[in-house]
Amino acid sequence: MLRFASLASGSGGNCLIAEVRASAGATRVLIDCGLKLTETERRLERLGVAPAAVTGILVTHEHGDHASGVFDFAAAHRVAVYLTHGTLAAMRQEGKVTDGVRIVIVDGRQSVAVGDIQVHPFTVPHDSREPVQYVVSDGASRLGVLTDIGTPTAHVAACLARCDALVLECNHDLDMLWSGAYPKWLKQRIAGPFGHLDNGGAEQLLAALDRSRLRHVIAAHLSQQNNRPELARAALARAMGCEADWIGLATQDEGFGWREA
Ligand SMILES: [Zn+2]
Ligand SMILES: [Zn+2]
């Protein structure tokens with residue numbers, strides 16, 4: 001059984017947990033850890049997970065909202081860190097890598113097993129060194145997580161096909177972004193091909209996917225300045241042909257509670 005929850009989602013910090021229970025015990029991975037150590041521990045305990053019961057952290061890229069807490073948590077709880085060569089190099093340059101932590105290099109072409117969880121990294125266009133996003137599976141159900149992507153690609157759509165659950169970036173509403181208070185360079189970066197996915201882009205991507213198995217769709221990484229939950233939900237609901245309140249929401253303060261994929 002694969003279940004998942006979010007500790008936090010947004011530019012203030014991202015962290016998601018996926019858990020697979022098998023007869024031999026449970027495997028748990030975090031996808032990103034962009035919260036302070038004590039905050040990560042507090043939110044894990046809120047979900048009923050002892051921090052030491054985490055098996056590994058899958059890192060998508062080096063941006064602080066995804067990676068700032070990775071090595072503190074890994075060192076404190078003896079957890080392995082999975083990341084690409086490029087992400088590791090960028091984090092080394094910033095002095096964010098702690099000695100003594102077990103590191104496993106991943107890339108966008110090869111799947112890797114973490115205990116009973118099958119991990120499929122895939123490459124995405126985003127303004128970081130070597131970003132990936134992840135599909136995780138227990139062999140029966142698949143959870144796809146996609147945030148921090150400037151442009152949906154055919155490769156991404158193929159990787160996310162036939163997922164049972166999707167956590168999908170709805171970063172901004174384009175009109176709110178362009179009419180908002182951000183400086184022009186930042187607006188261009190966010191809306192650019194290596195920036196973030198807007199509600200309309202997320203809707204188009206979702207509409208183009210093989211959704212035949214999809215039972216959970218959750219809007220994630222919403223900008224607090226440039227988006228509103230009801231806009232993100234409405235966009236994904238249009239792609240699904242469902243009611244807007246069926247679409248889940250990952251929030252900055254709460255994430256979302258456990259769901260079974
Ligand atoms: Zn981010
Ligand atoms: Zn990013």
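Residues: numbered from 1 along the sequence shown. From a predicted model like this one, the values you see are computed outputs, not experimental measurements. Whatever order the structure lists them in is the order used to number ligands and atoms, beginning at 1.
- In this structure, Ile17 and Leu30 approach most closely via the heavy-atom pair CB-CD2, 3.9 Å.
- Any protein N/O/S atom under 2.8 Å from the Zn ion (ligand 2) was counted, giving 4 altogether.
- Partners of Phe256 by ring-ring contact (aromatic ring centres under 6.0 Å, His included), not counting sequence neighbours, listed by chain and number: Phe4.
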Check residues 57-71 and write down every donor-acceptor pair under 3.5 Å in which the side-chain atom is one partner and the other belongs to a residue at least two apart or another chain.
residue: Thr60; atom: OG1; partner: Asp32; partner atom: OD1; Å: 3.1
residue: Thr60; atom: OG1; partner: Asp32; partner atom: OD2; Å: 2.8
residue: His61; atom: NE2; partner: His63; partner atom: ND1; Å: 3.1
residue: His61; atom: NE2; partner: His126; partner atom: NE2; Å: 3.3
residue: His61; atom: NE2; partner: Asp148; partner atom: OD2; Å: 3.3
residue: Glu62; atom: OE2; partner: Arg129; partner atom: N; Å: 2.9
residue: His63; atom: ND1; partner: His126; partner atom: NE2; Å: 3.2
residue: His63; atom: NE2; partner: Asp127; partner atom: O; Å: 3.2
residue: Asp65; atom: OD2; partner: Asn14; partner atom: ND2; Å: 3.2
residue: Asp65; atom: OD2; partner: His221; partner atom: NE2; Å: 3.1
residue: His66; atom: ND1; partner: Asp32; partner atom: OD2; Å: 2.8
residue: His66; atom: NE2; partner: Asn14; partner atom: ND2; Å: 3.4
residue: His66; atom: NE2; partner: Asp148; partner atom: OD1; Å: 2.9
residue: His66; atom: NE2; partner: Asp148; partner atom: OD2; Å: 3.2
residue: His66; atom: NE2; partner: His221; partner atom: NE2; Å: 3.4
residue: Ser68; atom: OG; partner: Gly64; partner atom: O; Å: 2.9

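- By the 4.0 Å N-to-carboxylate-O rule, Arg42 lies close enough to Glu39 to be salt-bridged with it.
- With sequence neighbours excluded, the residues satisfying side-chain contact (heavy atoms from CB on, under 4.5 Å) with Asp116 are Val20, Ala22, Thr27.
- Closest approach of Pro229 and Leu222 over heavy atoms only: CA-CD2, 3.6 Å.
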